[in-house]
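Labels below follow one simple rule: chain letters A, B, ... track the order of the sequence lines, proteins then strands, and each chain is numbered from 1. Note that the structure is predicted; figures quoted are calculated from it, not measured.
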There are 2 protein chains.
Amino acid sequence: MSEAKRPDLAAMLAPLGRALVAAELPVLERNGLTMWGYVVLLGLGDEPVYTQSALAKAIRADKTRIIGVLDELQRRGLIHRAPDPADRRAHLVSLTPDGRTTRERAQREIQEQEDQLLTHLSAADRRVFLRALQTLAALTAEQ
Amino acid sequence: MSEAKRPDLAAMLAPLGRALVAAELPVLERNGLTMWGYVVLLGLGDEPVYTQSALAKAIRADKTRIIGVLDELQRRGLIHRAPDPADRRAHLVSLTPDGRTTRERAQREIQEQEDQLLTHLSAADRRVFLRALQTLAALTAEQ
DNA sequence: TATTGTTATACTCTATAACTATA
DNA sequence: TATAGTTATAGAGTATAACAATA
């Protein structure tokens, strides 16, 4: 009677998330991106410019950890990074056209692969699952 | 037109899983368990006995990593560990009654907390979400 | 020779502290 | 003095290699 009627949510979500990330690394590699590089490109997509601190905070990374990532993305011409003329301590970071193209191509390939996994759900279940997942992800993201 | 109509699955699942795990650590701590200790207790629940290798494989851990975990669980009297008389290289591992009680209490508290999160979904969505999640988790677990 | 459990070692990832340059 | 970015250091977590006991 005190047996669990379902596995722990965390015991399903965490390994599934790790498996998805692992499966997507080759896709990113084909696009010349690391996971952190991709996360940075995604973080830059919504706003035109960012300071490095704001960007790090937005993607929930330590500011010291994205520095090497930004170096590499800049070297490859995917982002633009320059001191803010108004406050020369701060660096403004933005996507280059190449960076936007790369970001969108990588994301398209990733979501196509994810859609493959979702074919194991009925169309109706898939819709509910995605909606519910967005709801829960938003809840934990806001704290 | 090439804008994403949804966030990446992995970008929702992975942080949500991490957030859940982080939120459950205090629950485990109240029960005197680490995350790995809890995972080992869960892994021991379904079968009466295990060799350490089989147990490690079942919970997808390295065999070298669960040794300290087993030491601590044994010290606390939650598991029983003894050489297999038939093959004295192997150690048979099993839950003690105390171990089973601890496992069930911890899991009950964890799932109660998870149920709190699930109240943000409608009853119908919750049912579909859990079913879909179990389907997807089983797919990635089987490989 | 192969396998179980163990220990020791190395490696990766992440966080913390310390430094510079601007403000 | 406070902050943005950077670099150097240290810590945690993990995997790899080497070992002893047994088969």
Side-chain angles (χ1 to χ4, degrees), chain A residues 10-11 14-15 17-22 24-26 28-29 33-40 43-44 47-75 79-94, chain B residues 10-11 14-15 17-22 24-26 28-29 33-40 43-44 47-75 79-94:
Chain A
R18 278 192 293 269
L20 267 174
V21 167
E24 290 171 2
L25 284 179
L28 293 175
E29 196 174 10
L33 293 173
T34 63
M35 183 55 75
W36 279 113
Y38 178 60
V39 170
V40 163
L44 286 172
E47 290 292 322
V49 287
Y50 258 103
T51 66
Q52 292 184 196
S53 289
L55 173 60
K57 195 178 174 192
I59 63 177
R60 316 192 128 196
D62 194 283
K63 66 172 180 173
T64 65
R65 211 171 52 205
I66 66 172
I67 292 177
V69 180
L70 293 174
D71 289 346
E72 172 66 9
L73 291 174
Q74 183 177 26
R75 192 189 65 75
I79 65 169
H80 184 248
R81 178 163 57 159
D84 182 349
D87 179 350
R88 299 196 38 228
R89 292 175 304 181
H91 288 188
L92 300 178
V93 187
S94 58
Chain B
R18 277 193 293 270
L20 266 175
V21 167
E24 290 170 4
L25 284 179
L28 293 176
E29 196 174 10
L33 293 173
T34 63
M35 183 56 74
W36 278 113
Y38 178 61
V39 171
V40 164
L44 286 173
E47 291 291 323
V49 287
Y50 258 103
T51 66
Q52 293 184 196
S53 289
L55 174 60
K57 195 178 173 193
I59 62 177
R60 316 192 128 197
D62 194 282
K63 65 172 180 172
T64 64
R65 210 172 52 206
I66 66 170
I67 292 177
V69 180
L70 293 174
D71 289 343
E72 173 67 9
L73 291 174
Q74 184 176 25
R75 193 188 65 74
I79 65 169
H80 184 248
R81 176 163 57 158
D84 181 350
D87 179 351
R88 299 195 40 230
R89 292 175 303 181
H91 288 188
L92 301 177
V93 187
S94 58

Which letter, B, S or -, goes with each nucleotide of nucleotides 9-23 of chain D from 5' to 3', with contact meaning a protein heavy atom under 4.0 Å? -----SSBB----BS
Residues forming a salt bridge (charged side-chain N to carboxylate O under 4.0 Å, His left out) with Asp84(B), sequence neighbours excluded: none
Between Val93(B) and Gln74(B), is a side chain to side chain contact (heavy atoms under 4.5 Å, CB included) present by the stated rule, with each step listed? CA-CA 10 Å; Val93(B) 187; Gln74(B) 184 176 25; over 6 Å; no
Span of DNA chain C in contact with chain B (heavy atoms, under 4.0 Å): dA2(C) to dT7(C)
Arg89(B): which residues meet the salt bridge (charged side-chain N to carboxylate O under 4.0 Å, His left out) condition with it, sequence neighbours left out? Asp87(B)
Can you name the residues that form a side-chain hydrogen bond (donor to acceptor under 3.5 Å, both in side chains) with Glu24(B), not counting sequence neighbours? none
More than 12 non-hydrogen atoms from neighbouring residues, nucleotides or ligands closer than 6.0 Å to CZ on Arg88(A), yes or no? no
Atom pair CD1/CG of Ile66(A) and Asp71(A) - distance to nearest 0.5 Å: 10.0 Å
Kindly write out the residues that satisfy side-chain contact (heavy atoms from CB on, under 4.5 Å) with Glu29(A), not counting sequence neighbours, or none if the list is empty. none
